[in-house]
Amino acid sequence: MNKKKHKILFVCLGNICRSPSAEAVMKKLVHDAGLDEQFEIDSAGLINYHEGERADPRMRAHAARRGYQLDSISRPIRLSDFDHFDLIIGMDNRNVDELRSLAPDLESEAKVHQMTEFSRNKLYDYVPDPYYGGADGFELVLTLLEDACGGLMEEISGIS
Ligand code: 4NP
């Protein structure tokens, strides 16, 4: 594995449910593999409505039960993110469409991917927004993210 840092930004609508969870799941995989120094992982939202807030308490509670501490603070995506990060990963088609339209050039647009592209079990082709639903939706988010982040880790580092 080369020494250049892998810079990954996860993006959802509000940056309080799905993308902070993806950030925490990926950080734990990287940490458990002893690869902290080789990754930079962050998350952002497409709206600024929740800027400055911690992740949704329901999302935090479900994540904590699986051993993930969600400590990120919501922030909207910035134009400079398209330059800084190598991979910009949206959670659903709407996120990906919006990211592609925000991308300032073709090189940036090529960095945009959908989370489920990396899924191994291919149960879903997007990560559904859990915000207006019940407990099952939050559990589903975590199950889909554990699978897809595992696939992403495998693709980047060869570790499964
Ligand atoms: P997220 O969930 O995009 O996974 O963070 C949502 C959070 C907030 C809202 C929608 C989705 N909202 O409409 O405020």
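Remember, it's 1-based here, ligands and their atoms both numbered in the order they're listed.
Below 4.0 Å from some heavy atom of Gly14 lie the following atoms of ligand 1, by number and element: 1 (P), 3 (O), 5 (O). Of all the atoms in ligand 1, the ones that sit under 4.0 Å from a non-hydrogen atom of Ile16 are 5 (O), 7 (C), 8 (C). Atoms of ligand 1 found under 4.0 Å from any heavy atom of Cys17, numbered from 1 in the order shown, are 1 (P), 2 (O), 4 (O), 5 (O). For ligand 1, the atoms sitting less than 4.0 Å from at least one non-hydrogen atom of Tyr132 are 13 (O), numbered in the order shown with element in parentheses. The contact set between ligand 1 and Leu13, taken as ligand atoms under 4.0 Å from a residue heavy atom, comprises 3 (O), 10 (C).
Between the CD atom of Gln38 and the CD1 atom of Ile156 there is a distance of 11.0 Å, given to the nearest 0.5 Å.
At a threshold of 4.0 Å, the pair Lys4-Asp86 counts as salt-bridged, since one of the basic side-chain nitrogens sits closer than that to a carboxylate oxygen.
Atom 1 (P) of ligand 1 has its closest protein heavy atom at Cys12 SG, 3.5 Å. In terms of protein heavy-atom proximity, atom 9 (C) of ligand 1 is closest to Tyr131 CD2, 3.6 Å.
By the 4.5 Å heavy-atom criterion applied to side chains, Phe10 and Leu145 are not counted as neighbours. The shortest side-chain heavy-atom distance between Leu144 and Pro128 falls under the 4.5 Å cut-off. A 4.5 Å side-chain heavy-atom check between Met59 and Ile16 finds every atom pair outside the cut-off. In this structure, the side chains of Glu154 and Phe118 stay at 4.5 Å or more apart for every pair of heavy atoms.
Of the candidates Asn15, Asp71, Asp56, Pro20 forms a side-chain contact (heavy atoms from CB on, under 4.5 Å) with just one, namely Asn15. Shown are Arg75, Lys7, Lys111; of these, the salt bridge (charged side-chain N to carboxylate O under 4.0 Å, His left out) with Asp81 is made only by Arg75.
Comparing heavy-atom distances from atom 11 (C) of ligand 1 across Asp129, Asp92, Val141 singles out Asp129 as nearest.
Heavy atoms of Phe138 found under 4.0 angstrom from ligand 1: none, in either backbone or side chain. Contacts of His50 with ligand 1, taken as heavy-atom pairs under 4.0 Å, involve the side chain alone. Counting heavy atoms closer than 4.0 Å to ligand 1, residue Asn15 contributes backbone atoms (N, CA, C, O) but none from C-beta onward.
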